[in-house]
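Read through the structure below, which is laid out as structure tokens, and then see the notes.
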Amino acid sequence: MKNCNGRKSCTVAANNRLYGDPCPGTHKYVTVTYYCKVKKTPKCLRRCHRQAKCIRRKCVCKSGYKGDGIRSCTNIKDECSYPYRRVGKGCYLIQKDNVSGDTAFAKCLQRGAYLANFETLNEAMLMKYELLKMKTGVHYYVGGRNINRYKTGGDWRWIKKDGKMVKMKYFAFDNGEPNGTLKASQDCMFFYASRGYRFHAVWCAMGGLLGGYICEK
Ligand SMILES: [Ca+2]
């Protein structure tokens with residue numbers, strides 16, 4: 001019965017046309033012997049990630065995981081999902097609470113993130129655009145900080161989660177900014193709403209401006 005081979009089901013007809021009729025008028029029956037073969041699951045050519053399974057020769061990440069199934073299968077929760085949001089290539093959390101610069105700094109660290117770094121002007125402009133669209137009217141602390149107020153013009157850096165610092169390579173401060181002095185230091189950095197989200201240097205604590213903050217992870 002070739003027409004049954006390799007199939008999940010098939011029909012075997014019992015009629016004279018198929019088998020002929022050597023004894024007309026006699027009831028006949030057909031005995032069918034069959035055996036089923038378990039189809040072997042084809043193996044994946046490459047070793048799948050430990051959070052992946054081999055399905056139809058392809059490594060597929062388990063549910064709740066995302067990736068190519070071979071090198072990566074990351075937990076979806078670890079990715080940029082709510083309350084974080086993707087802006088350009090970065091993953092940010094935009095918070096509106098009213099806090100000081102130092103508090104904002106600590107709050108991001110507590111979340112396993114850091115105050116947002118905008119190492120390139122492109123990143124800063126994309127965020128500025130995002131904030132303008134949100135129309136919250138809130139100023140937001142970001143991860144720029146003056147680490148040496150004794151130096152003329154300061155030494156502005158982007159501070160990362162692990163404490164590493166990247167020197168600011170472009171200048172996007174508003175007119176007259178940064179304007180901290182030795183006696184009245186303004187070592188923290190704001191996306192200043194009232195000035196179309198230009199960068200402003202502000203006090204980090206001790207009666208400084210309160211605002212929201214942007215964390216990055
Ligand atoms: Ca200022």
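Order of listing sets the numbers, starting from 1, for every ligand and every atom in it.
Each of Leu115, Asp102, Asp97 was checked for a side-chain contact (heavy atoms from CB on, under 4.5 Å) with Lys107, and the lone residue meeting it is Asp97.
Rounding to the nearest 0.5 angstrom, the gap separating the CG atom in Asp68 from the CZ atom in Arg46 is 8.0 Å.
Of all protein N, O or S atoms, those under 3.0 Å from the Ca ion (ligand 1) number 5.
By the 30° and 60° cut-offs, the orientation of the rings of Tyr197 relative to Phe191 is perpendicular. The aromatic rings of Tyr192 and His139 sit parallel to each other, their planes meeting at less than 30°, with 60° as the upper class boundary.
Both tests hold for Arg145 against Phe105: distance to the six-membered ring centre under 6.0 Å, angle to the ring axis within 45°.
Counting only residues at least two apart or in different chains, salt bridge (Lys or Arg N to Asp or Glu O under 4.0 Å) contacts with residues 199-213 are absent.
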